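From a predicted model like this one, the values you see are computed outputs, not experimental measurements. Throughout, a chain's letter reflects where its sequence line sits, starting with A, and its residues are numbered from 1.
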Protein chains: 2
Amino acid sequence: MKALVFNKKLELVAGYEKPVPARDEALVKVLMAGICNTDLEIVRGYQDFRGIPGHEFVGVVEEVNGQQKELVGKRVVAEINCGCGACDFCVKGLKNHCRQRRVIGIKGKNGALAEYLTLPVENLFDMPDPVNDEEAVFTEPLAAVFEILEQVHIKPTDRIAVLGDGKLGLLTAMVLPHSGAKVCLVGKHPEKLALADSSQAGTLLLEDLPRDSSFDLVVEATGSPAGFELAREILKPRGTLVLKSTVAESKELNLSSLVVNELTLIGSRCGPFPPAIRALENKAVDVKPLISIIFPANKALEAFETAAEKNAVKVLVDFR
Amino acid sequence: MKALVFNKKLELVAGYEKPVPARDEALVKVLMAGICNTDLEIVRGYQDFRGIPGHEFVGVVEEVNGQQKELVGKRVVAEINCGCGACDFCVKGLKNHCRQRRVIGIKGKNGALAEYLTLPVENLFDMPDPVNDEEAVFTEPLAAVFEILEQVHIKPTDRIAVLGDGKLGLLTAMVLPHSGAKVCLVGKHPEKLALADSSQAGTLLLEDLPRDSSFDLVVEATGSPAGFELAREILKPRGTLVLKSTVAESKELNLSSLVVNELTLIGSRCGPFPPAIRALENKAVDVKPLISIIFPANKALEAFETAAEKNAVKVLVDFR
């Protein structure tokens with residue numbers, strides 16, 4: 001099968017071995033896959049991953065090893081964390097934090113930038129017909145946005161700043177206004193901020209943001225350690241900072257302002273798929289403006305290069 | 001009046017001018033005052049404070065400028081943050097975070113290591129008779145412990161680690177077990193850990209602490225940046241880290257583990273006085289074992305030196 005493979009360098013391999021589903025796994029034929037910042041980080045060495053990257057996708061179940069054969073032929077998306085099911089965290093419902101977890105395209109398991117991948121059946125979710133393939137690929141990052149709402153009680157009277165006009169920032173700006181709160185997306189790129197026009201969020205160029213401790217909640221999605229310092233400046237005392245960026249680099253930080261201003265910091269990663277699927281089905285968010293370009297599978301390498309460019313938003317690869 | 005004064009160096013001044021209460025302030029004669037780690041930091045330059053340090057005390061109201069003359073003669077303790085009453089934070093009930101706040105003995109207002117101090121009447125709280133002067137001095141640090149319970153919902157099934165066997169760690173270990181949770185105080189000093197014997201908390205030497213991500217909540221009260229790293233190691237995924245130390249020094253930190261493990265960090269500072277006063281009155285905590293030594297006022301300088309020694313816990317100064 002055709003697959004994008006990372007092994008010190010990224011290559012498009014034509015004759016990669018088609019995977020065989022293990023017990024309670026499904027073989028899924030990929031229809032469309034997306035390239036995420038984490039994929040770009042992986043190619044730079046993040047998590048020391050080797051194999052097929054990619055964790056944002058929609059596909060069709062071709063085979064099931066074990067029960068639930070009725071899934072064959074279904075169009076599906078999938079949660080990316082594969083728990084062992086037996087450790088103390090898995091037993092307590094923290095499967096996404098399993099001590100031995102594999103994460104598709106990120107850690108210990110091949111990902112979706114290929115014609116096929118295998119996945120635990122329990123990770124699969126039916127994708128409703130009204131959502132087309134291009135939109136369905138956004139389920140995983142959209143779920144990561146809904147994780148914020150799982151973790152934080154957002155009040156309709158809150159003032160929220162979303163820092164970063166990349167993919168995650170834009171999706172966040174589309175979802176959070178539904179809580180009733182006043183949301184402002186802050187970024188450096190007027191053309192990216194404009195992509196939030198169809199949302200209910202306001203937008204502001206970074207240089208125009210007042211540094212006056214007036215926000216109740218800040219979502220840090222810049223992907224840069226500098227976002228953390230900015231967030232502290234614009235948060236009210238007792239405000240909440242949601243950290244979404246997994247920044248590989250360390251930074252000299254002084255935590256005493258957290259104590260003095262009694263701020264709350266919440267690390268936030270993968271989220272629940274059902275609300276993300278509902279939001280796409282109900283057209284509560286319109287993700288189409290975020291698609292910069294769709295490459296055919298034989299140009300998957302070019303897709304990666306384009307995704308790394310500064311003005312790119314979401315780059316998709318079509319395996320149909 | 002007699003006063004301990006910090007102006008580049010700390011001096012005991014015999015003839016310091018007795019303060020005059022401003023409008024809506026009370027003149028309070030100090031009975032007993034405590035020395036806190038923040039006082040030691042101030043002498044090292046923290047907050048660039050000049051004047052009389054000290055913010056843990058009990059005293060008697062001698063004069064009131066304005067209403068509430070009935071306070072004269074009462075034994076009182078006092079909240080240490082003096083808000084302007086007019087800024088956006090004060091108006092929203094965040095007086096402790098007032099943009100122009102003065103903090104007695106810490107910022108812009110003389111403190112309690114003197115025979116007299118002045119305070120806004122609204123900061124005063126009656127001290128009930130069953131609490132003696134030595135115990136009453138603990139109201140302020142005890143209130144800081146109750147702030148944790150204001151900020152975090154502690155469940156009876158939680159496993160809690162308190163890091164640091166100093167004054168704040170010990171007080172925390174005395175209060176948190178009342179929530180029903182299993183609390184373990186972790187420290188380096190067997191003789192300090194032993195002071196928690198009368199509490200319901202278990203104790204553990206740092207070297208015996210398993211690094212196995214098994215705590216739901218960690219309270220960081222070591223006063224050292226290293227405590228932060230340790231807390232991250234022993235917290236479960238989605239666990240909560242309460243930061244109590246205002247560590248002046250910065251540290252190289254990588255926040256990505258916060259995101260990956262979805263930890264919550266909560267900065268926690270001053271707290272509510274009424275529950276602290278009730279806990280002392282009801283003997284829910286026994287603070288007496290924490291008193292290392294009581295110095296008379298004319299040996300206040302020596303008291304400061306003793307408080308800075310490694311094996312000291314709480315050092316008091318008697319102004320009666």
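Residue B:Lys182 places its NZ atom among 12 or fewer non-hydrogen atoms of other residues, nucleotides or ligands, all under 6.0 Å distant.
Of the options A:Val259, A:Thr240, A:Ile266, A:Thr264, a side-chain contact (heavy atoms from CB on, under 4.5 Å) to B:Ile266 is made by A:Thr264 and by none of the others. The only member of B:Leu263, B:Leu258, B:Leu265 that meets side-chain contact (heavy atoms from CB on, under 4.5 Å) when paired with A:Leu243 is B:Leu258.
When B:Lys236, B:Gln151, B:Lys92, B:Arg238 are compared by the number of non-hydrogen pairs under 4.5 Å with chain A, B:Arg238 comes out ahead. Contact tally against chain A (heavy-atom pairs below 4.5 Å) for B:Leu241, B:Val242, B:Val260, B:Asn96: the top residue is B:Val260.
Proximity to chain B (any heavy atom under 4.5 Å) is restricted, for A:Leu94, to the side chain, taken from C-beta onward. Interface remark: B:Lys244 contributes backbone atoms only to the contact with chain A (heavy atom separation under 4.5 Å).
In this structure, the side chain of A:Glu262 engages the main chain of B:Arg269 through a donor-acceptor pair within 3.5 Å.
In this structure, A:Phe89 and B:Pro237 approach most closely via the heavy-atom pair CZ-CD, 3.3 Å.
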